[in-house]
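Read the structure below first, then the notes.
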Amino acid sequence: MTLTPLVHWAQRHEEIFLRVELTDAQNIDVQVQDNVLQFRAQGYGAKGLHEYEFSLEFLFPVKPQVRHKSTQRQVNLTVQKERRGWWERLTLQERRPVFLTPDFDRWLDESDAEMEIWEKDEKRSRLRTAKLKGEGFISLKTAFLFMYNLVQFLGFSWIFVNMTVRLFIFGRDSLYDTFHTMSDIMFFCQILASVEVLNAAFGVVRTALIPTFIQVIGRNFILFIILGSLEEMHHRPVVFFVFYLWSTIEIFRYPFYMLGCCNTEWKTLTWLRYTVWIPLYPLGVLAEAVAVIQSIPIFDETRLFRIPLPKVIGTSVSFSYVLHVYLIFMFLGLFINFRHLYKQRKKRFRTKKRKAN
């Protein structure tokens, strides 16, 4: 009599894992045809020594090659997915077969599986770094990234320390001359920050391109267009808050990356890098929005950057209309970047959870 064994399953983005409860299995036959896995073997299962078999029709296509390994307690099967992705269930039929159950020893949800991939990549990166150190070499990429982060750290630290000292010495008066005292270094740091977009675009660092592009372009727009092009904005207190919030975030971010280049971690700095942005990033965007709003009547009055229209219409459009649209995109960018940063923080600090559908 043919019986059905108990089968446990789990998945990753590229693989399906099946664990068949058969002791001392013999004559194992595993095949995949038309996306259906057929298993047959003899061994000790729930009903003793018998021939056991089962079939599973997968939710999505899989590769026909199946790896299997028999131990004294079970048979382990590994099936490769045809296309990388996360499945909401294992089988084409919505109702799960009675003999199929989650493998809680290997079960991860989608985000945990992504974290597992990230940890493996980090481990390989550390091994490569350790190998290079053992050989006495430092890669050009590592040296470049270390120097870039060092220069940025020194630049933003200079801004932060000087603004803090001036605030204690001069009090409220320091709010009105921030642009004249700090703008040169801020211009340098923000122009140099464009390198981060190129690094993400060409794969020099493994980070998302869109959030990086949004942050760098957004800051440069505020710095060069809103603040730099309007002399009337140079004495506004909002410049102090924009510069101070930007530099506060960066004095934790860049040294974190510097230590990463050396394959070193300082837990306190790691926590600060992934935490201080929670209050400071929205406040920074709010300060930028205030700067944009304050600049709108100035652009209307000075007619700076007016957009010419065809001669048939015979007029031009004030740049302030562009700024109204920019305000909308600014808060959309806040949502995108906040979500990206939150996911980074969650990946860094999350405790692994086992759960099944």
Side-chain angles (χ1 to χ4, degrees), residues 1-128 346-357:
M1 182 177 62
T2 302
L3 301 173
T4 303
L6 182 62
V7 181
H8 306 272
W9 81 282
Q11 68 168 318
R12 298 295 185 268
H13 287 85
E14 298 177 348
E15 296 173 320
I16 298 293
F17 303 113
L18 300 175
R19 178 163 56 88
V20 185
E21 292 290 347
L22 274 185
T23 303
D24 295 328
Q26 302 292 330
N27 302 324
I28 301 172
D29 181 22
V30 185
Q31 298 181 9
V32 174
Q33 294 181 350
D34 299 327
N35 210 40
V36 177
L37 182 142
Q38 299 283 350
F39 175 92
R40 183 189 298 270
Q42 293 177 340
Y44 290 91
K47 300 295 184 179
L49 179 60
H50 286 284
E51 184 176 39
Y52 292 83
E53 69 176 24
F54 69 88
S55 65
L56 290 172
E57 185 175 5
F58 294 112
L59 178 63
F60 295 113
V62 297
K63 296 180 180 180
Q65 299 81 13
V66 180
R67 301 196 308 270
H68 67 84
K69 180 180 180 182
S70 177
T71 67
Q72 291 183 346
R73 299 182 56 187
Q74 61 201 19
V75 179
N76 296 313
L77 309 178
T78 303
V79 184
Q80 296 289 329
K81 296 178 180 178
E82 189 71 39
R83 300 181 64 180
R84 188 180 188 280
W86 198 257
W87 296 4
E88 61 182 11
R89 62 179 186 274
L90 179 64
T91 59
L92 185 61
Q93 65 183 75
E94 293 187 8
R95 186 173 181 179
R96 189 175 63 191
V98 293
F99 64 86
L100 187 65
T101 183
D103 187 348
F104 291 103
D105 291 334
R106 304 194 70 167
W107 191 272
L108 295 177
D109 62 15
E110 183 177 5
S111 57
D112 286 336
E114 291 177 348
M115 183 63 181
E116 184 181 70
I117 294 173
W118 180 81
E119 288 177 344
K120 289 180 179 178
D121 291 339
E122 286 290 300
K123 184 177 180 180
R124 284 194 291 266
S125 177
R126 288 194 296 269
L127 289 174
R128 286 194 298 266
K346 188 177 178 182
K347 284 182 179 181
R348 193 77 185 191
F349 298 122
R350 176 175 51 238
T351 301
K352 295 266 182 78
K353 297 180 181 179
R354 294 175 180 171
K355 81 176 185 180
N357 294 331

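Everything numeric in this text was worked out from a predicted model, so none of it was measured. For the single chain, residues carry numbers from 1 onward in sequence order.
Taking 4.5 Å as the limit, every side-chain heavy atom of D103 sits out of range of all side-chain heavy atoms of W9. For the pair V7 and T101, the minimum side-chain heavy-atom distance is 4.5 Å or more. When side chains are defined from C-beta on, L59 does not count as touching L90, because their heavy atoms never get closer than 4.5 Å. When side chains are defined from C-beta on, T78 does not count as touching I16, because their heavy atoms never get closer than 4.5 Å. At least one side-chain heavy atom of E94 sits less than 4.5 Å from a side-chain heavy atom of R89. A 4.5 Å side-chain heavy-atom check between Q11 and R106 finds every atom pair outside the cut-off.
Between A41 and L22, the closest heavy-atom pair is CB-CD1, 4.1 Å. The heavy-atom pair separating R12 from F17 by the smallest distance is CG-CE1, 3.5 Å.
Residue pairs that meet the ring pair (Phe, Tyr, Trp, His ring centres under 6.0 Å) test with at least one member in residues 56-83, sequence neighbours left out, are F60-W87. Sequence neighbours left out, the pairs with a member in residues 61-71 that pass salt bridge (charged side-chain N to carboxylate O under 4.0 Å, His left out) are E15-R67. The ring pair (Phe, Tyr, Trp, His ring centres under 6.0 Å) pairs that include a residue from residues 20-39 are F39-F54, where partners are two or more places apart or lie in different chains. Listed by first then second residue, pairs satisfying side-chain hydrogen bond (donor to acceptor under 3.5 Å, both in side chains) with a partner in residues 36-49 read N27-Q42, R40-E51, R40-E53, not counting sequence neighbours.
Electrostatic pairing of R84 and E14 counts as a salt bridge here, judged by a charged N lying under 4.0 Å from a carboxylate O.
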Legend entry - Test log, rule side-chain contact (heavy atoms from CB on, under 4.5 Å), inputs R19 and D105: CA-CA 10 Å; R19 178 163 56 88; D105 291 334; 4.1 Å; yes
Inset, instruction - List the steps, then state whether side-chain contact (heavy atoms from CB on, under 4.5 Å) holds for L6 with L100. - result: CA-CA 6 Å; L6 182 62; L100 187 65; over 6 Å; no
Inset, instruction - Mind running side-chain contact (heavy atoms from CB on, under 4.5 Å) on L56 and L18 for me, showing each step along the way? - result: CA-CA 11 Å; L56 290 172; L18 300 175; 4.2 Å; yes
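Considering only residues two or more places apart in sequence or on other chains, Q74 meets the side-chain hydrogen bond (donor to acceptor under 3.5 Å, both in side chains) condition with N76. Taking the side chain to side chain contact (heavy atoms under 4.5 Å, CB included) definition, one finds that V32 meets it with L37, V62, V66, sequence neighbours left out.
Taking CZ from R96 and OG1 from T91, the interatomic distance works out to 9.0 Å, rounded to the nearest 0.5 Å.
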